[in-house]
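Scroll down for the structure; my scribbles are underneath it.
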Amino acid sequence: MSISKFKIVIEKKEWQELLNNVEQYDFYHTYDYHHLSKSDDEQPILIKYEENDILIGLPFLKRKIFDTDYFDITSVYGYAGPLHKNAGNNYDNQDFINQLNTYFKENNIVAVFARLNPFISYQEQILANIGEIVGLSKIVNIDITKNLEEQRTIFSKTTKRYINKTRKLCTVKKGGTIDDLKVFRDLYYENMDRVKAKKSYYFDENYFNQFVNSDDFETDVLFAMLKETNEIISAAMMVKTNNIIQYHISGTRNEYLNLTPIRLLIDEMRIKGTDENYTYFNLGGGLGSSEDSLFNFKASFSKDFKDFKIWKYIVNQSIYDDLVNEFSNKDENRKYFPLYRNSVK
């Protein structure tokens with residue numbers, strides 16, 4: 001007879017124990033990243049489910065829906081979704097779904113949203129028959145299991161030319177001191193100003209310091225520095241977990257945008273990641289999951305595209321509709337989910 005256990009984990013030790021026991025996880029699943037990412041009104045939780053030799057973990061941020069008695073849960077910025085041990089193609093998730101629904105209903109959770117991780121196996125099987133999984137776009141992965149020369153043959157002519165040019169002008173250094181992080185933050189803010197980013201993307205000093213010093217994942221902060229003047233003109237934060245490298249955030253001085261020195265930093269991380277025997281180097285996709293100029297820039301490094309998908313689930317349709325009627329801005333994007341938050345900046 002199958003015996004299952006369902007639990008909400010909020011303590012770091014037990015959270016990490018689950019991560020250590022699943023087959024694969026990314027830094028987006030970690031306790032530290034959830035606590036770095038959360039807003040003041042959000043609580044990081046990890047849903048833990050055990051059934052015989054099967055283990056499932058599903059991390060979320062739980063948040064109150066305005067001044068109501070209801071809640072919703074969402075994933076952190078990035079690529080999260082369920083983790084598992086022994087939940088493969090033939091996994092029957094019916095008991096897991098029943099337990100999830102019981103938890104959602106008992107805790108007044110109206111809607112659930114998660115961004116899935118293209119590098120974690122069987123996420124769609126685990127979430128089958130509950131809500132819907134929607135494909136949004138492609139993301140660009142560099143297959144760093146191939147040898148360096150084979151990887152480089154896929155680069156566009158433009159990317160090769162800019163990397164060669166920038167290598168002659170710049171050196172790359174790895175940083176991590178408090179002063180380094182201040183420089184990185186300034187470059188990143190300059191980038192956010194240029195693209196007119198939302199306020200939520202302007203991470204504070206504490207975010208950068210705690211990020212680099214976390215023991216849940218390893219972060220390489222790479223700087224492109226002009227040989228002639230030692231001026232830092234570009235920087236990128238790359239995060240390494242298990243066999244995955246994620247290109248997280250970056251910034252370039254406005255006056256050096258024409259050089260695109262970020263290409264050099266991506267190339268350095270590619271070389272280093274290959275030498276260190278990583279499997280994936282994810283550059284991400286375009287802005288707002290569109291195949292735009294940013295996507296095309298990343299695709300100039302690789303044609304190993306992965307599907308980026310999201311999971312959406314309305315637990316209580318009637319309450320959801322009431323909330324949409326009360327809070328939704330009718331002029332905003334009607335595809336936004338959950339729709340009652342579509343006018344929240």
4.5 Å side-chain heavy-atom contact, F155 and I163: yes
If you look at every heavy atom in G273 and I245, which pair is closest and at what distance? CA-CD1, 3.6 Å
So, applying side-chain contact (heavy atoms from CB on, under 4.5 Å) with F281, which one of T274, D143, I266 is it? I266
Once the angle between the rings of Y103 and F6 is folded into 0 to 90°, is it parallel (under 30°), tilted (30 to 60°) or perpendicular (over 60°)? tilted
Decide yes or no on salt bridge (Lys or Arg N to Asp or Glu O under 4.0 Å) for K306 and D304, but give the supporting numbers first. CA-CA 7 Å; K306 307 291 184 189; D304 184 19; 3.4 Å; yes
Please give me the minimum heavy-atom distance between A236 and Y247, naming the atom from each residue. CB-CE1, 4.2 Å
Would you name the heavy atoms of A114 and F60 that are closest together and state the gap between them? CB-CE2, 4.0 Å
Pairing residues for E218 by the salt bridge (charged side-chain N to carboxylate O under 4.0 Å, His left out) criterion, not counting sequence neighbours: K240
With a 4.5 Å cut-off on side-chain heavy atoms, are Y122 and Q125 touching? yes
Salt bridge (Lys or Arg N to Asp or Glu O under 4.0 Å) between D53 and K85: does it pass, once the steps are laid out? CA-CA 8 Å; D53 64 341; K85 182 175 75 174; over 6 Å; no
G135 and K309 have their tightest heavy-atom pair at CA-CG, 3.8 Å
Determine the minimum heavy-atom distance between L83 and I126, stating which atoms define it. O-CD1, 4.3 Å
Evaluate E50 against K7 for salt bridge (Lys or Arg N to Asp or Glu O under 4.0 Å), listing each step before the verdict. CA-CA 9 Å; E50 295 174 281; K7 184 179 182 183; over 6 Å; no
Give a yes or no answer on whether the side chain of S75 reaches the backbone of R115 with a donor-acceptor pair at less than 3.5 Å. yes
Honestly curious: do Y33 and I120 fall in one hydrophobic cluster under the side-chain, below-4.5 Å linking rule? no
Are the ring centres of F327 and Y340 closer than 6.0 Å? no
Apply side-chain contact (heavy atoms from CB on, under 4.5 Å) to residues V315 and V110 and explain how you reach the verdict. CA-CA 5 Å; V315 181; V110 175; 5.8 Å; no
Centroid-centroid under 6.0 Å between H84 and Y91 rings: no
Within this structure, what is the CG-CG distance for the pair N93 and L100, rounded to the nearest 0.5 Å? 9.0 Å
Going through the checks in order, is the side-chain contact (heavy atoms from CB on, under 4.5 Å) test met by K272 and D220? CA-CA 10 Å; K272 188 178 180 189; D220 283 4; 2.7 Å; yes
Salt bridge (charged side-chain N to carboxylate O under 4.0 Å, His left out) with D215: which residues, sequence neighbours excluded? K12
Reference residue R63; test side chain to side chain donor-acceptor pair (under 3.5 Å); the match among D41, D40, D72: D72
Quick one: side chains of residues 257-265, donor-acceptor pairs under 3.5 Å with protein atoms, not counting sequence neighbours, listed by atom name and distance.
| from | atom 1 | to | atom 2 | distance (Å) |
| --- | --- | --- | --- | --- |
| T260 | OG1 | R263 | NE | 2.8 |
| R263 | NH1 | T159 | OG1 | 2.6 |

Find out if a path of hydrophobic residues (ILVMFWY) with successive side-chain heavy-atom gaps under 4.5 Å connects I97 to L58. yes
Is there a donor-acceptor contact under 3.5 Å from the side chain of K298 to the main chain of G285? yes
How about F308 and Y79: are their ring centroids closer than 6.0 Å? yes
Inter-residue atom distance I56.CD1 - L46.CG, 0.5 Å rounding: 11.5 Å
Is there side-chain contact between K182 and E205, with heavy atoms separated by less than 4.5 Å? yes
Would you say the side chain of Q43 lies within less than 4.5 Å of the side chain of K38, judging by non-hydrogen atoms? no
Nearest 0.5 angstrom please: D26 CG to Y280 OH, how far? 11.0 Å
Stepwise salt bridge (Lys or Arg N to Asp or Glu O under 4.0 Å) test for K13 and E17: CA-CA 6 Å; K13 184 171 181 286; E17 280 173 0; 3.0 Å; yes
Flag the pair H34 / Y28 as yes when their ring centroid distance falls below 6.0 Å, and as no otherwise. no
Whether the side chain of N242 engages the backbone of I244 through a donor-acceptor N/O pair (distance < 3.5 Å, no angle test) should be reported. no
State which residue, out of F119, F305, F295, fulfils the side-chain contact (heavy atoms from CB on, under 4.5 Å) condition with I139. F119
Side chains of K227 and L169: does their closest heavy-atom pair fall under 4.5 Å? no
Any heavy-atom pair between the side chains of M225 and E231 that's under 4.5 Å? no
My understanding is that only residues two or more places apart in sequence, or in another chain, count here; which of them pass salt bridge (charged side-chain N to carboxylate O under 4.0 Å, His left out) with R270? D267
Could you tell me whether D180 and K173 make a salt bridge, using a distance below 4.0 angstrom between a side-chain N and a carboxylate O? yes
With hydrophobic residues grouped by side-chain heavy-atom distances under 4.5 Å, do I154 and F297 end up in a single group? no
Working to the nearest 0.5 Å, report the span between CG of D186 and CG of L181. 11.0 Å
Which residues, ordered by chain and number, are linked to L148 in its hydrophobic cluster, where ILVMFWY side chains connect at heavy-atom gaps below 4.5 Å, directly or through other members? I271
How far apart are the C-alpha atoms of I319 and D321, what are their side-chain angles, what is the distance that settles it, and do they pass the side-chain contact (heavy atoms from CB on, under 4.5 Å) test? CA-CA 5 Å; I319 298 296; D321 292 342; over 6 Å; no
Side chains of L18 and L55: closer than 4.5 Å at any heavy-atom pair? yes
Side chains of I130 and N101, heavy atoms from C-beta outward: is any pair under 4.5 Å? yes
Check the hydrophobic clustering (I, L, V, M, F, W, Y; side-chain heavy atoms under 4.5 Å; chains of links allowed) and say if V9 and L36 are grouped together. no
Under 6.0 Å between ring centres: does that hold for Y201 and Y77? yes
Residue list, salt bridge (charged side-chain N to carboxylate O under 4.0 Å, His left out) with K196, at least two apart or on another chain: none
Minimum heavy-atom distance between Q123 and G81, given as atom pair plus value: NE2-C, 3.4 Å
To the closest 0.5 Å, what do you measure between CZ (R341) and CD1 (I65)? 6.0 Å
Salt-bridge present (K5, E51; N to O < 4.0 Å): no
Quick one: CG on N316 to CG on N108, what's the gap to the nearest 0.5 Å? 8.5 Å
Taking it one step at a time, do Y188 and Y202 satisfy side-chain contact (heavy atoms from CB on, under 4.5 Å)? CA-CA 8 Å; Y188 173 72; Y202 285 79; 5.9 Å; no
In terms of hydrophobic clusters joined by side-chain contacts under 4.5 Å, are Y49 and W15 together? no
